[in-house]
Amino acid sequence: MENVDFLKELNPSQQAAVMNVEGPQMVIAGAGSGKTRVLTYRLAFILSQGLAYPQELLSLTFTNKAAKEMKERIQRLVGPEAKSIVMGTFHSIFSRILRVEAERIGYTRAFTIYDSDDSNKMVKTLLKERNLDDKVFKPKVIQHAISSAKNKLISPKEYLDFVTDDFNMQVAKIYEIYEQRLFKSNAMDFDDLLIKPILLFKTHPDILYKYQHRFRYIMVDEYQDTNHAQYILTNMLAAAHQNICVVGDDAQSIYGFRGANIQNILNLKKDYPDLEVYKLEQNYRSTNTIVQAANSIIAFNKDQIQKKVFTENEAGDKISVFEATSEQDEAKRVANLVREQRQVHSFFNKDFAILYRTNAQSRAMEDELRRAGINYKVFGGLSFYQRKEIKDMVAYFKLAVNPQDEAAAKRVINYPTRGIGQSSIEAINVYADGHNITFWDALQRVEHVGINTRAANRVKEFVMMIRDFGVSCKNNDAFFAASYIAKQSGILKDLHSTDDLETLGRWENVQELLNSAQGYVESPDTEDHSMEAFLADISLFTDQDQKIDDDDFVTLMTIHSAKGLEFKSVFIVGMEETLFPSGMALETRADLEEERRLFYVALTRAEKILTMSYARSRYRFGQMQFNEKSRFLDEVDDQYIKKPETNVRREALDAAPTARRGIVSAEDLAANRRAKVNRAAARPASAGSAAAAPDPNFVPSDPKSIQAGQTVRHLKFGKGTVIAVEEDSTGRKATVDFPGSGQRVLLLKFARLQIL
């Protein structure tokens with residue numbers, strides 16, 4: 001073979017995956033096993049052997065960045081001919097095909113592509129035309145429903161067949177009109193870039209034939225993340241030559257909520273009986289301790305392709321796990337550990353990543369890193385104080401303290417929607433400029449502006465509300481005032497009016513802002529508890545965040561955003577039941593297994609040092625919750641966990657007599673571990689005491705049956721008396737007097753109270 005010196009750089013497993021290119025292939029690439037190198041070298045090998053022209057190679061990726069980097073690496077291996085490889089994301093490649101073939105399905109080649117904002121605006125227009133309340137029929141909820149249906153190849157007519165209620169009946173009708181409106185506009189939305197090629201290939205076999213024979217070799221990266229439409233497309237194109245190679249790792253399939261279907265990779269053998277499977281099992285990234293700990297975790301999943309990832313790297317430090325009293329304590333200890341590890345290991349800030357399950361968790365971490373003077377950057381989402389819902393809420397706070405803040409007033413004068421349109425705002429602005437007064441002064445003279453009576457009345461109501469907020473700020477501390485403003489402004493109600501996950505996430509973020517205000521007020525270091533002082537405090541934080549002008553920063557991101565990245569030291573925070581694993585993922589085994597795969601991804605981002613933590617108490621949904629540590633921590637093999645120094649001596653003394661008698665065997669230790677894990681697996685999915693042992697006689701009562709005057713039992717606080725039961729936007733909650741712990745306000749859906 002000529003020009004294949006680069007094969008010497010591969011290990012035997014990688015070489016086998018690169019050199020066997022005929023027929024269907026699947027490369028299972030474990031974490032840190034050199035997947036990108038195999039993808040790159042496989043394409044380079046095909047070209048170097050003259051098996052195909054560059055334009056006969058199709059490589060499908062999930063990011064344009066990955067495609068660009070791969071193409072550049074192939075060019076370094078085989079030269080400029082690699083520029084002609086057809087490589088890109090699913091959407092970019094099939095949009096090119098549609099540009100060529102659009103007329104065959106009734107479009108012109110100049111069709112417009114609607115992004116998510118365009119689609120959302122169209123949905124809003126359709127709702128308005130049908131006189132549907134967008135507070136009930138949330139545009140983003142409907143948009144998500146349409147997108148989900150499309151990616152499952154469900155047409156508007158078929159969607160109608162599944163309808164069981166009035167709400168979905170309206171969604172089905174909007175879906176139908178939405179599709180008609182797109183077609184009449186010669187437009188496709190983002191989902192159509194996958195759906196329309198399937199329609200094209202099914203209705204025009206000659207076009208399918210052309211592309212099947214155009215692409216002799218097909219490669220698909222991150223195959224575990226493909227949805228149903230992507231699965232259909234790759235199978236259609238590969239049907240002629242069957243030279244398809246998919247690369248991925250079922251253990252890193254974490255995008256089920258986006259429509260990814262892990263069965264695509266698990267069941268590929270059914271589609272291609274002659275499938276050859278290659279396993280890349282050597283990890284080049286992490287220490288042996290981290291690799292083996294990750295193996296011990298993923299072994300609990302039933303749905304997986306069996307493999308044993310190993311490494312020849314050093315054993316490395318054992319994994320640290322610590323318990324914090326609260327999210328603030330957790331964040332402070334993480335910040336201290338970052339400083340300590342920088343000194344001990346000569347690390348830079350960029351060597352650290354702090355990973356969490358939900359975006360809302362970044363707030364406490366951001367606060368403590370700022371206070372510690374540690375540069376950081378939030379990825380996979382905006383910095384906490386830069387998120388829209390937080391900026392909206394802070395704008396209300398600013399107006400309450402300083403009504404003359406024009407930018408704040410214009411930001412929220414019509415949010416939540418109160419009938420003050422853009423034309424009215426512009427008229428008020430013109431009046432202010434014409435009379436040389438401030439925007440706020442013009443609002444107070446709105447009857448002279450010349451806008452319609454209805455809008456003028458809404459402006460007067462807005463002015464009265466802001467004045468009321470100002471009074472609250474003068475008479476109360478920042479937390480009380482913030483809570484009052486959040487409720488009376490209507491923001492909490494607006495964000496809590498749907499079960500849409502994205503909107504719920506924004507609602508949680510506002511709750512986190514209120515938690516921040518409470519933490520500020522209750523801090524022993526806070527002298528001035530006013531809203532004005534709190535605003536100054538968080539404004540300083542924001543300014544400092546914006547002044548980061550180098551690339552040496554600690555990375556903060558969700559675990560989903562961290563996939564594919566690696567860091568010398570990783571912190572996985574918030575390892576608590578109902579947080580990680582998410583409480584929304586505990587109903588089915590499949591959902592729990594995806595959460596476990598997410599945990600596996602988190603562990604395998606670490607190269608040298610891994611630290612995990614959980615908090616005994618944490619504010620969530622506006623309420624203090626008492627947590628037990630995540631079941632996932634119990635699933636990590638004990639031999640890879642660093643024991644707390646305070647426990648080492650005690651455990652050594654406890655074990656010494658038994659060890660001298662020679663009773664403890666490897667089998668005994670294994671049995672003990674299995675029993676421990678079984679207990680963890682049987683743990684109820686709710687917030688309880690992190691320290692309390694499960695009680696087999698404890699059976700929680702139906703939350704709906706809890707009433708004032710009852711005697712109840714709580715796993716952590718013991719016996720207590722229900723003083724009052726009330727319900728608000730957060731749900732049904734009870735005030736319970738516990739003799740040993742005082743009065744507690746508990747959300748009943750999480751409290752798990754037992755009526756005695």
Side-chain angles (χ1 to χ4, degrees), residues 58-68 86-102 104-127 138-156 158-159 171-172 174-202 211 220-223 225-234 236-237 254-261 264 380-381 500-503 505 560-561 563:
L58 172 62
S59 180
L60 296 165
T61 65
F62 273 80
T63 66
N64 287 311
K65 179 183 177 183
K68 181 182 177 183
V86 183
M87 180 181 292
T89 65
F90 275 89
H91 292 87
S92 66
I93 295 298
F94 287 103
S95 67
R96 287 185 229 167
I97 293 176
L98 286 170
R99 288 291 177 199
V100 176
E101 313 292 350
R104 300 292 291 272
I105 53 173
Y107 292 81
T108 75
R109 297 188 179 191
F111 67 82
T112 301
I113 298 175
Y114 278 22
D115 62 18
S116 59
D117 285 339
D118 296 326
S119 297
N120 189 254
K121 287 176 182 176
M122 181 182 284
V123 170
K124 288 180 178 178
T125 299
L126 297 179
L127 289 171
K138 288 280 189 178
K140 286 196 174 181
V141 174
I142 295 174
Q143 184 184 359
H144 176 75
I146 293 173
S147 176
S148 179
K150 283 190 169 188
N151 282 295
K152 293 175 183 175
L153 305 184
I154 299 173
S155 68
E158 291 168 331
Y159 191 96
V171 173
I174 292 170
Y175 180 15
E176 181 180 19
I177 302 171
Y178 173 88
E179 288 291 272
Q180 294 170 354
R181 205 65 66 85
L182 274 177
F183 185 73
K184 288 180 180 178
S185 303
N186 191 38
M188 299 184 194
D189 65 16
F190 207 60
D191 297 315
D192 284 331
L193 300 181
L194 299 180
I195 307 307
K196 298 304 181 186
I198 296 176
L199 172 66
L200 174 70
F201 293 155
K202 284 184 175 180
Y211 288 101
V220 187
D221 189 16
E222 302 287 7
Y223 192 69
D225 294 333
T226 53
N227 62 24
H228 185 59
Q230 291 161 334
Y231 162 81
I232 294 294
L233 279 172
T234 52
M236 293 177 86
L237 286 179
I254 58 174
Y255 294 115
F257 67 97
R258 293 182 187 169
N261 186 354
N264 291 350
D500 172 33
L501 292 179
E502 183 179 345
T503 305
H560 282 101
S561 300
K563 189 167 176 287

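Listed for the Asp192 side chain is no donor-acceptor partner under 3.5 Å among the backbone atoms of Ile195. Using a distance-only test at 3.5 Å, with no hydrogens or angles considered, a donor-acceptor pair links the side chain of Ser95 to the main chain of His91. Side-chain atoms of Glu179 do not come within 3.5 Å of backbone N or O of Glu176 as any donor-acceptor pair. Formation of a donor-acceptor pair under 3.5 Å by the Glu101 side chain with backbone atoms of Leu98 is not found in this model. No donor-acceptor distance shorter than 3.5 angstrom exists from the side chain of Ser148 to the backbone of Ala145, with no hydrogens or angles considered. With hydrogens and angles ignored, the 3.5 Å screen pairs no side-chain donor or acceptor of Asp191 with any backbone N or O of Lys150. Put simply, the side chain of Ser147 never gets that close to the backbone of Gln143: no donor and acceptor are under 3.5 Å apart. No donor-acceptor distance shorter than 3.5 angstrom exists from the side chain of Tyr175 to the backbone of Ala149, with no hydrogens or angles considered.
The distance from the NZ atom of Lys184 to the CD1 atom of Ile177 is 9.5 Å, given to the nearest 0.5 Å. Asp225 contributes atom CG, which lies 12.0 Å from atom OG1 of Thr61 (distance to the nearest 0.5 angstrom). Remark: Tyr231 OH to Asn151 CG distance equals 16.0 Å, nearest 0.5 Å. For the atom pair Leu233 CG and Ile97 CD1, the distance stands at 8.5 Å (nearest 0.5 Å).
The shortest distance between side-chain heavy atoms of Ile198 and Leu194 does not fall below 4.5 Å. Residues Gln230 and Phe62 meet the side-chain proximity criterion, which asks for heavy atoms closer than 4.5 Å. At least one side-chain heavy atom of Arg96 sits less than 4.5 Å from a side-chain heavy atom of Val86. Side-chain contact check for Leu237 versus Phe94: some heavy-atom pair is nearer than 4.5 Å. The shortest side-chain heavy-atom distance between Leu126 and Arg181 falls under the 4.5 Å cut-off. Looking at Met122 and Ser119, their side chains never come closer than 4.5 Å, going by heavy atoms from C-beta outward. The shortest distance between side-chain heavy atoms of Lys563 and Glu222 falls below 4.5 Å. Here the side chains of Asn261 and His228 are not in contact, with every heavy-atom distance at 4.5 Å or above.
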Report task. Carefully, step by step, assess Lys196 and Leu200 under the rule side chain to side chain contact (heavy atoms under 4.5 Å, CB included). Result -> CA-CA 6 Å; Lys196 298 304 181 186; Leu200 174 70; over 6 Å; no

**Report entry** Steps toward side chain to side chain contact (heavy atoms under 4.5 Å, CB included) verdict (Ile174, Leu127)
**Finding:** CA-CA 8 Å; Ile174 292 170; Leu127 289 171; 3.5 Å; yes

Requested in this report: Using the side chain to side chain contact (heavy atoms under 4.5 Å, CB included) rule, take Phe90 and Thr234 through it: C-alpha gap first, then chi angles, then the decisive distance, then the call.
Outcome: CA-CA 10 Å; Phe90 275 89; Thr234 52; 3.7 Å; yes

Query raised in the report: For Ile146 and Tyr159, what are the C-alpha separation, side-chain angles and deciding distance, and is it a side chain to side chain contact (heavy atoms under 4.5 Å, CB included)?
Result: CA-CA 9 Å; Ile146 293 173; Tyr159 191 96; over 6 Å; no

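Checking Tyr178 against Asp189 by side-chain atom types alone, a donor-acceptor pair falls below 3.5 Å.
Residues Ala67 and Gly88 approach most closely at CB-CA, 3.8 Å, considering heavy atoms. Phe201 and Met236 make their closest contact through CB-CE, 3.4 Å (heavy atoms, listed as atom of the first residue, atom of the second, distance). Thr226 and Tyr223 get closest at one heavy-atom pair: OG1-O, 2.8 Å.
Checked against the 6.0 Å centroid threshold, Phe183 and Tyr107 count as a close aromatic pair.
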